Amino acid sequence: MQADTEAFESNQAPKAPEGTGARKPVALEPRRLVQVILAALTATVASAAMSMFDGGWQTALQLGASAGLLLLAWWYTRRNAVDRAAKLMLATLTLSMISLVYQHQGLRDEALCAFPAIMVFAGMFASRRAFFTMLSVIVAALCIITLANLQGWHVNQVPPVSLNSLFNVVAILMVTAFFVWLMAGDLRSALARLEAENERIRESHARIDTLAHHDALTGLPNRLLARDRFEQMIAHARRSHTSAALLYLDLDDFKSVNDSLGHAAGDLLLCDVADRLTHAVRSTDTVSRQGGDEFLIVMGDLVDDQAAAATASKIIDQLARPFYINGLELSATCSLGIALFPEDGDDFDALLKSADMAMYRAKDSGRNGFRFYDVEMNTSVIEHLHLISGIRAALARGEFALHYQPQYHLKTGRIVGAEALIRWRHPELGFIPPAKFIPVAERSGLIHEVGAWVLNEACGQAKRWQNAGLSDLTVAVNLSPIQFRRDDIEREVMNALASWNLSPSSIELELTESLLIADSHHLRGLLVRLRALGIRLSIDDFGTGYSNLGYLKRFEVERLKIDQSFVRRLTENANDEGIVRAIIEMAHSLKLEAVAEGIENEATLARLIELGCEFGQGFLWAPALPADEFFNFATDGEAADGVAG
Ligand code: C2E
Ligand code: MG
Ligand code: MG
């Protein structure tokens with residue numbers, strides 16, 4: 001029974017494998033079948049009545065039986081047995097028509113008109129096998145009738161045309177017309193549905209295509225599409241012997257916009273930047289977003305390098321104009337790297353790498369500018385990779401050492417502390433300055449291991465000096481902001497202190513402004529805990545980072561270390577003196593102590609004392625010294641107290 005409740009064709013369709021082109025019948029709605037059965041029933045009953053009226057009892061009886069079977073088919077539809085109902089209706093109509101043709105006028109009988117309608121119905125809704133079976137039955141029956149006539153076994157008489165024959169033809173025509181009208185309506189709406197569906201599919205394909213090839217935030221082409229366009233451009237440049245360029249753009253300091261104004265404002269800024277970039281290039285060039293604050297510009301048909309340089313300058317100018325985001329005026333600068341085809345690479349990936357390197361070089365040389373790629377940059381990348389493996393090896397082979405620069409109380413000239421500064425003597429390359437390898441260690445993550453080594457070594461040295469009689473000395477340790485990205489910095493400090501049994505007040509941690517500006521709740525808690533232990537905190541290189549000083553009030557730092565770039569020319573440059581004076585005054589108003597770095601001469605020292613600066617360090621006294629030299633230096637200085645200055 002379950003099978004019967006399914007649509008007529010679903011049981012009947014031949015199970016041809018997909019892709020063989022097997023014909024699938026159209027789904028037959030039960031409502032449609034009921035309409036067709038009722039129309040056929042009406043015509044059959046009317047014809048039966050007409051035959052009875054004409055005295056054709058045998059015909060009337062046969063049509064009555066057909067009507068009964070059609071009623072049964074209708075009843076099946078009420079029971080949801082659509083398949084059985086359709087088969088019964090088709091079989092009833094076919095056999096009943098064959099019987100009428102045989103009994104009455106043979107191949108000239110009006111009942112023949114019904115066969116095309118029956119075949120159309122079967123053709124649309126029945127399986128292929130049912131269709132051909134019915135066709136064969138009809139053709140066979142007609143052949144037999146013809147043979148019977150020819151052989152004289154059963155000769156059909158053709159009576160003159162009567163009203164009855166007109167009625168039969170009209171009835172068949174009406175049923176057929178009704179049926180064809182219904183089917184045509186169904187077909188038309190099916191076609192309309194199909195067209196709407198096609199339209200939807202076309203639209204969704206277009207949407208998928210857009211999503212796959214465009215950046216969701218700015219709507220610009222993404223890297224995939226940029227690569228595609230660039231490859232087309234390269235192909236064109238090869239044919240026409242012109243050159244092409246790939247510009248790699250990175251916004252300067254975009255992170256601070258995100259950190260201070262939130263990601264929504266950052267997104268708005270990126271959209272505005274995308275807009276300006278699109279307007280700054282030719283319509284044949286492609287601007288694409290690589291992700292984050294990085295953009296690519298693909299330029300073809302270049303006459304010379306200057307065209308790429310001109311576009312880069314134009315972009316820098318365009319971005320220099322203020323942006324207005326959420327009522328705030330923001331400025332954005334960018335660094336650009338330019339790689340040229342064919343000089344700097346002959347495929348997209350090679351050029352992307354070159355442009356990326358050139359962009360980093362532009363950043364290193366002060367940002368807000370552009371750089372063309374040159375081969376030396378590649379050498380410096382290789383050097384960078386060597387440095388990474390060198391740092392790893394240096395840790396394992398113990399090539400690092402700490403040197404200590406004395407820190408003085410300026411008024412009394414007493415040594416109050418020592419700043420631990422890392423030194424690396426490479427077995428082949430010789431002395432490598434921290435400014436060269438610390439950034440590499442930071443970028444590669446090795447700073448965690450290097451930093452842990454420094455902490456431990458500095459604590460050990462502080463303890464050894466204390467044991468040797470230098471008891472009031474504070475050892476300052478530089479910490480990289482990267483070291484705070486992992487949660488274990490607090491534990492590392494504690495472990496280093498514990499393993500040397502050193503009191504927390506014997507060390508000072510030098511933090512950078514950039515660490516504090518990022519101001520996370522987590523960081524604030526961490527610094528409060530370190531301070532509570534008695535560890536001193538200072539801000540290194542103060543004055544070089546940010547003009548927003550709000551963070552100073554929020555963190556429990558104790559000292560500001562004025563950057564040496566202001567201190568060195570203090571007595572020669574009025575601006576520098578102004579800055580140093582302002583920093584000292586601000587430090588005091590916030591109840592912080594000031595430490596001047598880079599004191600190189602007596603005049604500077606004297607001016608700093610006048611300005612009220614409490615502490616200082618510099619080549620005037622000593623550079624950073626190996627631990628034993630420092631000890632001798634400090635103990636000699638101790639003996640000649642006050643003379644050191
Ligand atoms: P910094 O922390 O500001 O260290 C002071 C730098 O100024 C040192 O350079 C020091 O040798 C130099 N200096 C001191 N007095 C004078 C002076 O009178 N005139 C001049 N021109 N320079 C002076 P150094 O040792 O090359 O260190 C450079 C930077 O490397 C340090 O700057 C610090 O940021 C970083 N660094 C050094 N050691 C470490 C470390 O152990 N960990 C971390 N994370 N960074 C370190
Ligand atoms: Mg320092
Ligand atoms: Mg410094």
Side-chain angles (χ1 to χ4, degrees), residues 391 394-395 399-408 410 415 417-425 431-462 474-486 489 492-493 496 507-515 536-545 557 559-571 576 580 583 594-605 608 613 615-627 629-630 633 645:
I391 295 170
L395 279 166
E399 287 166 16
F400 289 124
L402 286 186
H403 284 194
Y404 299 87
Q405 184 173 40
Q407 294 182 323
Y408 286 82
L410 300 186
I415 295 183
E419 177 174 5
L421 293 159
I422 193 164
R423 295 292 175 259
W424 180 16
R425 194 162 292 282
F431 176 71
I432 303 176
K436 187 153 187 188
F437 70 84
I438 292 285
V440 175
E442 287 179 331
R443 262 181 261 156
S444 60
L446 282 169
I447 192 69
H448 294 287
E449 281 91 81
V450 174
W453 178 86
V454 170
L455 258 173
N456 189 54
E457 181 65 21
C459 289
Q461 192 55 60
T474 307
V475 174
V477 178
N478 290 283
L479 289 185
S480 156
I482 312 290
Q483 288 176 265
F484 286 84
R485 291 207 191 140
R486 284 214 304 228
I489 184 74
E492 247 167 38
V493 174
I507 64 164
E508 175 175 321
L509 300 179
E510 294 194 6
L511 315 173
T512 62
E513 282 187 279
S514 64
L515 172 73
R536 293 190 195 179
L537 303 175
S538 60
I539 299 175
D540 203 358
D541 304 338
F542 187 80
T544 54
V557 287
R559 291 173 161 190
L560 295 188
K561 295 190 72 177
I562 309 166
D563 191 67
Q564 50 173 286
S565 59
F566 308 117
V567 177
R568 276 206 312 268
R569 287 183 309 274
L570 178 66
T571 50
D576 284 353
V580 171
I583 293 178
V595 184
E597 294 183 309
I599 306 175
E600 294 184 351
N601 54 50
E602 293 287 353
T604 308
L605 171 64
L608 282 165
C613 180
F615 302 97
Q617 62 191 80
F619 293 166
L620 169 64
W621 296 282
L625 302 166
E629 279 182 38
F630 178 90
F633 182 87

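Atoms considered below: every heavy atom in the structure, side chains included; atoms not considered: hydrogens, waters and symmetry mates. For ligands, and for the atoms within them, numbers begin at 1 and follow the listed sequence. Just so we're clear, the structure is a prediction, and the values are computed from it rather than from any experiment.
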Handout entry: Candidate with minimal heavy-atom separation from atom 16 (C) of ligand 1, of Phe619, Trp424, Trp621
Key = Phe619
Can you check whether [X] reaches [Y] side chain to side chain, under 4.5 Å on heavy atoms?
{"X": "Val475", "Y": "Gln461", "value": "no"}
{"X": "Phe566", "Y": "Glu597", "value": "no"}
{"X": "Ile422", "Y": "Leu402", "value": "yes"}
{"X": "Leu410", "Y": "Ile599", "value": "yes"}

Problem - Non-hydrogen protein atom less than 4.0 angstrom from atom 32 (O) of ligand 1 - result: no
Problem - Flag: protein heavy atom within less than 4.0 Å of atom 10 (C) of ligand 1 - result: yes
Fill in the blank from the handout: The answer for which part of Leu402 has a heavy atom under 4.0 Å from ligand 1 is neither
Practice task
Using a 4.0 Å heavy-atom cut-off, say whether Glu419 meets ligand 1 through its side chain, its backbone, both or neither.
Solution key: side chain
Looking only at protein heavy atoms, identify the closest one to [atom] and say how far it is in Å.
{"atom": "atom 42 (N) of ligand 1", "value": "Asn478 O, 3.4 Å"}
{"atom": "atom 3 (O) of ligand 1", "value": "Asp541 OD1, 2.9 Å"}
{"atom": "atom 19 (N) of ligand 1", "value": "Glu600 OE2, 2.5 Å"}
{"atom": "atom 15 (N) of ligand 1", "value": "Gln405 NE2, 2.8 Å"}
{"atom": "atom 38 (N) of ligand 1", "value": "Ile422 N, 3.1 Å"}
{"atom": "atom 37 (C) of ligand 1", "value": "Leu421 CD2, 3.6 Å"}
{"atom": "atom 28 (C) of ligand 1", "value": "Pro434 CG, 4.0 Å"}
{"atom": "atom 2 (O) of ligand 1", "value": "Asp540 OD2, 2.8 Å"}

Minimum heavy-atom separation for [X] to [Y], with atom names?
{"X": "Ile482", "Y": "His448", "result": "O-CE1, 3.3 Å"}
{"X": "Gly598", "Y": "Gln564", "result": "CA-CB, 3.7 Å"}
{"X": "Ala622", "Y": "Phe633", "result": "CB-CZ, 3.8 Å"}
{"X": "Arg423", "Y": "Pro434", "result": "NH1-CG, 3.7 Å"}
{"X": "Ile432", "Y": "Lys436", "result": "CG2-CB, 4.1 Å"}

Give the numbers and elements of all ligand 1 atoms closer than 4.0 Å to a heavy atom of [X].
{"X": "Ser480", "result": "44 (N)"}
{"X": "Arg568", "result": "21 (N)"}
{"X": "Ile599", "result": "18 (O)"}
{"X": "Gly618", "result": "15 (N), 18 (O)"}
{"X": "Glu597", "result": "3 (O)"}
{"X": "Val454", "result": "41 (O)"}

Practice task
Tell me, please, which residues at least two apart from Tyr404 pass ring-ring contact (aromatic ring centres under 6.0 Å, His included).
Solution key: Trp465
Problem - Intermediate values then yes/no, side chain to side chain contact (heavy atoms under 4.5 Å, CB included), Leu620 and Tyr408 - result: CA-CA 11 Å; Leu620 169 64; Tyr408 286 82; over 6 Å; no
Practice task
Please lay out, stage by stage, how Thr474 and Ile507 fare under the test side chain to side chain contact (heavy atoms under 4.5 Å, CB included).
Solution key: CA-CA 5 Å; Thr474 307; Ile507 64 164; 5.5 Å; no
Completion exercise
So, leaving waters aside, the tally of protein N/O/S atoms less than 2.8 Å from the Mg ion (ligand 2) stands at 4
For the 3.5 Å polar cut-off, considering only N or O atoms, please tell me whether [X] and ligand 1 meet it.
{"X": "Ile438", "result": "no"}
{"X": "Gln564", "result": "yes"}
{"X": "Leu620", "result": "no"}

Problem - Non-hydrogen atom of Arg423 closer than 4.0 Å to ligand 1 - result: yes
Practice task
Report yes or no: does Gln617 have a heavy atom closer than 4.0 Å to ligand 1?
Solution key: no
Problem - Step-by-step side chain to side chain contact (heavy atoms under 4.5 Å, CB included) determination, Ile415 to Trp621 - result: CA-CA 10 Å; Ile415 295 183; Trp621 296 282; over 6 Å; no
Exercise for the section: Keeping to residues at least two apart or across chains, list the salt bridge (Lys or Arg N to Asp or Glu O under 4.0 Å) pairs with something in residues 437-448. Expected result: none
Practice task
Verify the distance criterion only: is there a donor paired with an acceptor across the side chains of Gln617 and Gln407 at less than 3.5 Å?
Solution key: yes
Problem - Glu508 and Ser538: side chain donor to acceptor below 3.5 Å - result: yes
Distance-only donor-acceptor hits, side chain of residues 450-460, under 3.5 Å, sequence neighbours excluded:
residue, atom, partner, partner atom, Å
Asn456, OD1, Trp500, NE1, 3.0

Exercise for the section: Take Phe400 and Ile391, measure what side chain to side chain contact (heavy atoms under 4.5 Å, CB included) needs, and give me the verdict at the end. Expected result: CA-CA 9 Å; Phe400 289 124; Ile391 295 170; 4.0 Å; yes
